[in-house]
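Notes follow once the structure below has been shown.
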Amino acid sequence: MRQILWIGYFFLIVFFVNGIISKSPEEGMKGVLDVDNVDLIENRIKGTFVEFYAPWCGHCQVFAAEMAKLGEIYHNHKDIQLAKVNCVVQTSICNKYSINSYPSLKWFPPEKDGKVEDFNQRRTIDNIVNFLNQKTGSNDKPTSIVETTTIERNEKTSRSLFGLYSIIIIICVLFLVVTFVMKRRK
């Protein structure tokens, strides 16, 4: 009986750890720097738009598609670079900038003593491009990117997250049922 309980606990821990350290949908995006050192932000040459995220965060997973499109727009841009910080791994960087919700978006101006500014608008391509254009005086347009609508993307993400959570819930329920049945047999 105890062996079954330990096996069940083992699988629950494996699912939990896998969710935390699994590859983020944001890894390997074109035009988006993975920040693993605060120097990449603080010693910047260009203005830097940074996403602070957690791989397990549903909102971050939805925003990953927007960030990938932004990477396409700003890849090799002369005034703007994009970066992302995984706050599960880089806790010291996230603590330094008082990140307490995900995704958090911040603008770091090219001047080292410039004021870091939070992006608090709706997280859409148009809003972010307009914000960055305002900060840099450029006139970039997101029209070159083929976009899926926000509704389609949210439905796809909801379905995939629902499927993942459903599987985990089913496994947990089965584990509890087996545990209950084993206790009754004694």
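Model, not experiment: these values are computed from the prediction. All residue numbers in this chain count up from 1 along the given sequence.
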All side-chain contact (heavy atoms from CB on, under 4.5 Å) counterparts of Glu111, not counting sequence neighbours: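 Scan of Glu111 (side-chain contact (heavy atoms from CB on, under 4.5 Å), adjacent residues dropped) gives Pro109, Asp113.
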Not counting sequence neighbours, which residues clear side-chain contact (heavy atoms from CB on, under 4.5 Å) with Thr136? List them please.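 By the side-chain contact (heavy atoms from CB on, under 4.5 Å) rule, Thr136 matches Asp79, Ile80, Trp107, Ser138.
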Are any side-chain N or O atoms of Asn127 and backbone N or O atoms of Arg123, one a donor and one an acceptor, separated by less than 3.5 Å?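 Pair absent, no side-chain N/O of Asn127 close to backbone of Arg123.
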Applying disulfide (SG to SG under 2.5 Å), name anything that partners Cys57, two or more places apart in sequence or on another chain.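 With sequence neighbours excluded, Cys57 shows a disulfide (SG to SG under 2.5 Å) to no residue whatsoever.
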Rounded at 0.5 Å granularity, tell me how far [atom1] in [X] sits from [atom2] in [Y].
| X | Y | atom1 | atom2 | result |
| --- | --- | --- | --- | --- |
| Gln90 | Tyr53 | CD | OH | 9.5 Å |
| Thr91 | Asn86 | OG1 | CG | 10.0 Å |
| Leu82 | Lys46 | CG | NZ | 9.5 Å |
| Ile128 | Glu51 | CD1 | CD | 8.5 Å |
| Lys84 | Phe63 | NZ | CZ | 12.0 Å |

Just say parallel, tilted or perpendicular for the rings of Phe52 and Tyr97, cut-offs at 30° and 60°.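 It falls in the tilted class, 30° to 60°.
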Linked, directly or transitively: Val89 and Ile93 (ILVMFWY side chains, under 4.5 Å):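 As far as the 4.5 Å side-chain criterion goes, Ile93 and Val89 are not connected within one cluster.
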Side chain to side chain contact (heavy atoms under 4.5 Å, CB included) between Phe49 and Tyr74, intermediate numbers included: CA-CA 10 Å; Phe49 188 70; Tyr74 291 106; over 6 Å; no
Considering only residues two or more places apart or on different chains, which pairs with a residue in residues 168-177 satisfy salt bridge (Lys or Arg N to Asp or Glu O under 4.0 Å)?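 Those involving residues 168-177 do not exist here.
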With [X] via side chain to side chain donor-acceptor pair (under 3.5 Å) - residues at least two apart:
| X | result |
| --- | --- |
| Gln121 | none |
| Asp118 | Lys106 |
| His77 | Asp140 |

According to ring-ring contact (aromatic ring centres under 6.0 Å, His included), who are the partners of Tyr102, at least two apart in sequence or on a separate chain?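 Tyr102: ring-ring contact (aromatic ring centres under 6.0 Å, His included) contacts with Trp56.
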How far apart are the C-alpha atoms of Ile125 and Ile73, what are their side-chain angles, what is the distance that settles it, and do they pass the side chain to side chain contact (heavy atoms under 4.5 Å, CB included) test? CA-CA 10 Å; Ile125 294 285; Ile73 293 170; 4.1 Å; yes
Applying side chain to side chain contact (heavy atoms under 4.5 Å, CB included) to Val129 and Thr124, what does each step give before you reach the verdict? CA-CA 9 Å; Val129 168; Thr124 64; over 6 Å; no
Mind checking whether Glu117 and Phe131 have side chains closer than 4.5 Å, heavy atoms only?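 Sidechains of Phe131 and Glu117: in contact.
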